[in-house]
Each structure stands twice: as structure tokens, then as C-alpha cells.
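Working notes, structure below.
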Protein chains: 2
Amino acid sequence: MHKSVPNNSLKTACSTCNLRKLCLPVNLSNIEMARLDDLITRKGVYRHGSILYRSGDKFQALYAIRTGFFKTQILNEDGREQVTGFQMAGEIIGMDGISSDTHTCDAVALEDCEICEIPFNRLEDLGRELPPLQRHLHRILSREIVRDQNIMLLLGSMRAEERLAAFLLNLSQRFAVRGYSPTSFQLRMTRQEIGSYLGLKLETVSRALSHLQESKLINVRNRSLEILCLPGLQACIGKRGR
Amino acid sequence: MHKSVPNNSLKTACSTCNLRKLCLPVNLSNIEMARLDDLITRKGVYRHGSILYRSGDKFQALYAIRTGFFKTQILNEDGREQVTGFQMAGEIIGMDGISSDTHTCDAVALEDCEICEIPFNRLEDLGRELPPLQRHLHRILSREIVRDQNIMLLLGSMRAEERLAAFLLNLSQRFAVRGYSPTSFQLRMTRQEIGSYLGLKLETVSRALSHLQESKLINVRNRSLEILCLPGLQACIGKRGR
DNA sequence: TGTTAATTTTGACATATATCAAGCCGTAAG
DNA sequence: CTTACGGCTTGATATATGTCAAAATTAACA
């Protein structure tokens, strides 16, 4: 585990942030945008391995990822853990905490990250005055629900290789949206973490990756991944499911 | 598939609804409550097997279940289906539709049901005027996220019998909250539907139920279920997980 | 830079769950 | 009351994935 987090915070401007279209695709006037800027503070760098919030922490804010890569995970009473998601720049995390005013999962930085803190009470207040902002918050919450239900589909009905393919295609698509190569990227997580996310053991992940490579659909060497045939990967999903 | 739904609708009063504490546990004045009542219409009975909304339908409203039992399910491109939840009286469904203005799953009545329709735009509008209502909406959305992530944990890390035990305990607890027996109730869904929800085949569900019965933890005969030992069922979860 | 620890791959084997099949039961329709 | 059908149980067998172990590779740290 690494050093924790510097507490210095500086004001951010959503208005000039190049992630705005991902994070807050809302039409606001300059004045309205300034009010939003006023809400949000940029927190210092979260080092690789450090924890943004833990299960049990009091919920106070949502967090927009400015740069870097996070994982979220929940823990059972009996110590089992499940990675519930991998989040990248432009995505918003912390929404699990709203329902009980307490976070129900941990958010861990998988590389050095910068984040913007959005105090939730103030966001709600502002949402009442700016309907498009309110609407956007609802969309974000709902999008998370849809995302989770698709993972339920994956966990409940796909076999190992299909899960891997779906996972890689999802990453690919999210990199593409951010202007990065959809076919060549670094995995920021271990095989064990991928396995936890996909409901598989790390050895199974490794074997499935090797097999996709034998099939000439991907090239994988440690954390670097290259997709050789997107349509092939897509076709992978849905072959002889459960 | 059964007949569809009568279109006659009548005004409902949340103010006098005995499910209010479950559905809308919000402190509002009489005047405020009347405005909420004004929003909501009671739709006619949904017969067993009928469909409240389908994937692809335009999203317009949330639905509060007044009586009865629903399932929600998503379908893959390749026809695989996954039951994503079973919902009972006092619960609210349809939130998947907010993010894209289109429903992403089907909601099917598992018995004859009555539901209240809550037009979403008007709910948002009213939320801007009644902060406690706004807050409650956010909690409901977040609760759904937490619920889904717990199912991910179940699907990703538990073995068949544990999943069954967790499922039965969840039902038990929800019946208890509603004033019904937590140890004796009817299953409203088929083994196949339970299996889909838990990521198992119906035969596996059947065997796991039989085995729990052999262990004297439950009595099950067709759809009637009796829990003989709640602590025993709880202990079931966490024994030799993956 | 050298040393240690962590991660990954691969193999051999074990096991939980799926698959296939048959018969039974209970409800619904005639 | 009889029949038919969908739902359920149980058995035999197949298979995907887990488990255990060792070696190879890479990353972290002193």
C-alpha cells in the first residue's frame, strides 16, 4: 500500500476541461457553468494503490476521474471480494454511497490519478436550479444501473472466453471514445483483478487470453494488449453459451 | 402470454397508501403530498404474464408496485436472457430507462399486479420544488446500484447452494419488512427463472433446493417454501467459496 | 544494480455444474 | 373426470473451470 493523498486542493474549471463532453455533457450558459465550477475542487494526485474511499466511509461527494484508472470492489462478510468495475478518465464514481449515506465499496487507484470532488449536497442544490444538470445526474445514475445489469448478464450467462472478449471489447470501446487506440492499449489491472471482475480465477483468465491469442484475435504480452480482429472478438461472444 | 392491460386509470392517493413507508418514506406536508398524489395514476390490473414494459420501449415513467410480483430481464443479441431482479409490492421499477430514454429490460408480471405510474418528467419537476422528494429519488436510484453490485458479488463468487441460500434469505427479509412471514412463503417464479437470476440451470436449482431440504434447513414442495433454520441458511453462505 | 517479491503462464488433476434423458406431479382445459 | 402440458425431480454422464504446483517473467525495492 502506498502513501496516502495530499490534501491541497485547487479550484477546477469544468468550463475548460477537455473531458467535459464525457463527464458533464450538459448545455449550460457561462454563468451557470461558473456556478458548477464553483462547486468542484480538484484534489491532489492519488498515487497508484491509494484509496479514494472505503466501504463504510461517510458519503459526501461524487468523484470525477480526471486522469488515471480506478477499480471499485466490494467485500463479503467472509472476506470474499468482487471487483465491481474499472473506471477511467471522464467517469464518475461514488454513487453507491447515496442510498445509505455510506460508501458500500472501496475505490482504489490502479495508477496515479487526479480526481475532481463534487460535494453531493451542493450538487443536489444546484440541480434544483439547473434542470439540465439534474437530468444529467439522473442519467448518470441510471447508466450505472444499466451497466451493472449488463455485467449480471455476463456473469450469469457467458463462458470464460466470452467474458474475456466482452471485457476487452468494452475497454476498447471506452478507449476509442477517449481518442485512444481501440486496438492497442495497456491493461492497468492484474489477471487476478480481471478474474474477480469476470467471476473467474486468474489462471482461467490467463488461459483464455492465451487461447484468444492462439486464435489470432489478440496479441497479449503482460499488460500490453493488441486486438487483431475486432469483428472476430465480437463473434466470440454468443458461441455456445450456457 | 395473457391479455394485455385495461387502460382505465384512476387517481391514487399516496397519502392514504399503506405502502407509503416502503415506497416513498419522505416527510411532506399535506399540501406537498397532495401534489405528489396529483402526479401518480393507478393503472388497472396487470394479469399474470403480461408485460409492463419491454426493452426498446420509450421511457416515460417509473412504476411503483402496489400489489403483486414482477420479474425484470434483459436479452442478449444472441437470445440469451438474464433475469435481473424480482420485485414486490412497495418497490419501484423502470429506472433502467432514464439513461437513454429507452427501457433496456422487460418487466413481466409473475402474478396479477396493480401498479402506480409516476411520469418521470413530472417527478423531476416536483423534485426541484420538494428537496426531500428529490433526495428520495436519488436514494432509490443508488439503492438499485448497490443491489445490483451485490448480485454481481453473488454471481461472481458464490457456489450454487450459497446463491440459493442468499436468494431465499433475501426474499425472507423482504417479506418480513412487509409484515409477512419471513419463514413461510410462496415462490412466485419457476426454477428456470430462479436459475436465470442466479446464473444456474434449473436442474441445479432443483438439486440445491433438495439438498438444503436434506440438510433440514428448508422445506420445499413445489412453490411453497418454509425456512426451518434462518441462522443455518446464513451459515450456508461463506462455506468454501470460490 | 542486484535481490526479492509479485505476477503470469502452463500442466496435471479434481470437482462443480451443465447436459441429456426419463418419469412424475400438479394445474388447466376440455 | 380425463387428458394434456408445463414444471419439477432425479440419475448418468460430459465438460468447463477450479485447484494445486512449478517454473518463467517482470516489477519493486534496497
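Numbers restart at 1 for each chain; the letters A, B, ... are given by sequence-line order, proteins then strands. Hydrogens, waters and symmetry mates are skipped; everything else that's a heavy atom, side chains included, is used.
The side chain of B:Arg159 has C:dA16 as its nearest neighbour among D:dT17, C:dA16, C:dT10. Closest to the side chain of A:Lys201, from the set C:dT19, D:dT19, D:dT10, is D:dT19. If you check D:dT9, D:dG18, C:dT8 against the side chain of B:Ser210, the one that comes closest is D:dT9. When each of D:dC8, C:dT9, C:dT7 is scored by its nearest atom to the side-chain atoms of A:Thr190, the top-ranked nucleotide is C:dT7.
Residues satisfying the salt bridge (Lys or Arg N to Asp or Glu O under 4.0 Å) criterion with B:Glu114, sequence neighbours excluded, are B:Arg42.
At whole-Å resolution of the value, CG in A:Leu202 and C1' in D:dA21 are 13 Å apart. As a whole-Å value, the separation of B:Arg80 CZ from C:dA18 C1' is 14 Å. Atom CG in A:Leu200 sits about 14 Å away from atom P in C:dT9, given to the nearest Å. What separates CZ of A:Arg191 from C1' of D:dA24 is a distance of 14 Å, to the nearest Å. The nearest whole Å value for the distance from the CZ atom in A:Arg223 to the C1' atom in D:dT25 is 13 Å. Between the CD atom of B:Glu193 and the C1' atom of D:dG6 there is a distance of 12 Å, rounded to whole Å. Note: CG (B:Leu198) to P (C:dT17) measures 12 Å, nearest angstrom. Here D:dA16 presents its P atom at 17 Å from CE of A:Met158, a figure rounded to the nearest Å.
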N/O donor-acceptor pairs under 3.5 Å from side chains in residues 180-194 of chain B, not counting sequence neighbours:
residue	atom	partner	partner atom	Å
B:Ser181	OG	B:Thr183	N	3.1
B:Ser181	OG	B:Thr183	OG1	3.2
B:Ser181	OG	B:Ser184	N	3.0
B:Arg188	NE	B:Glu111	OE1	3.1
B:Arg188	NH1	B:Glu111	OE1	3.4
B:Thr190	OG1	B:Gln192	N	3.3
B:Thr190	OG1	B:Glu193	N	3.0
B:Thr190	OG1	B:Glu193	OE1	3.4
B:Arg191	NH1	B:Asn222	O	3.4
B:Arg191	NH2	B:Asn222	O	2.8
B:Glu193	OE1	B:Thr190	N	2.9
B:Glu193	OE2	B:Lys71	NZ	2.8

Can you give each donor-acceptor pair under 3.5 Å made by side-chain atoms of residues 210-220 of chain A, sequence neighbours left out, with the distance rounded to 0.1 Å?
residue	atom	partner	partner atom	Å
A:Ser210	OG	A:Ser206	O	3.0
A:His211	ND1	A:Glu161	OE1	2.5
A:His211	ND1	A:Glu161	OE2	3.3
A:Gln213	OE1	A:Val220	N	2.6
A:Ser215	OG	A:His211	O	2.8

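Projected onto DNA chain D by closest heavy-atom contact, B:Val220 and A:Ala160 fall at different nucleotides, the more 5' of which corresponds to B:Val220. When each of A:Arg207 and B:Glu161 is assigned the nucleotide of DNA chain C with its nearest heavy atom, A:Arg207 is the one assigned upstream, toward the 5' end.
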Using nucleotides 21-27 of chain C, report all nitrogen or oxygen pairs with the protein that are shorter than 3.5 Å.
residue	atom	partner	partner atom	Å
C:dG26	OP1	B:Arg221	NH2	2.1

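Looking at A:Thr72 and A:Gln87, their side chains do bring a donor and an acceptor atom within 3.5 Å of each other.
Partner of A:Ile237 under the side chain to side chain contact (heavy atoms under 4.5 Å, CB included) criterion, chosen from A:Met158, A:Arg163, A:Arg159: A:Met158.
Side chain of B:His48 to main chain of B:Leu110: a donor-acceptor pair is present (N/O by atom type, distance under 3.5 Å, no hydrogens or angles). Remark: side-chain polar atoms of B:Asp112 are not paired, donor with acceptor, to backbone N or O of B:Arg47 under 3.5 angstrom. The backbone N or O of B:Ser55 lies less than 3.5 Å from a partner atom in the side chain of B:Asp106, making a donor-acceptor pair.
Taken over five-pair windows at either terminus, the axes of the helix from C:dT1-D:dA30 to C:dG30-D:dC1 are inclined to one another by 60° (rounded to 10 degrees).
Every pair passing ring-ring contact (aromatic ring centres under 6.0 Å, His included) that includes a residue from residues 62-84 of chain A is listed here, sequence neighbours excluded: A:Tyr53-A:Tyr63.
Salt bridge B:Glu91/B:Arg178: present, at least one basic N to carboxylate O contact under 4.0 Å.
The base of D:dT17 does not come close enough to the side chain of A:Arg163 for any donor and acceptor atom to sit less than 3.5 Å apart.
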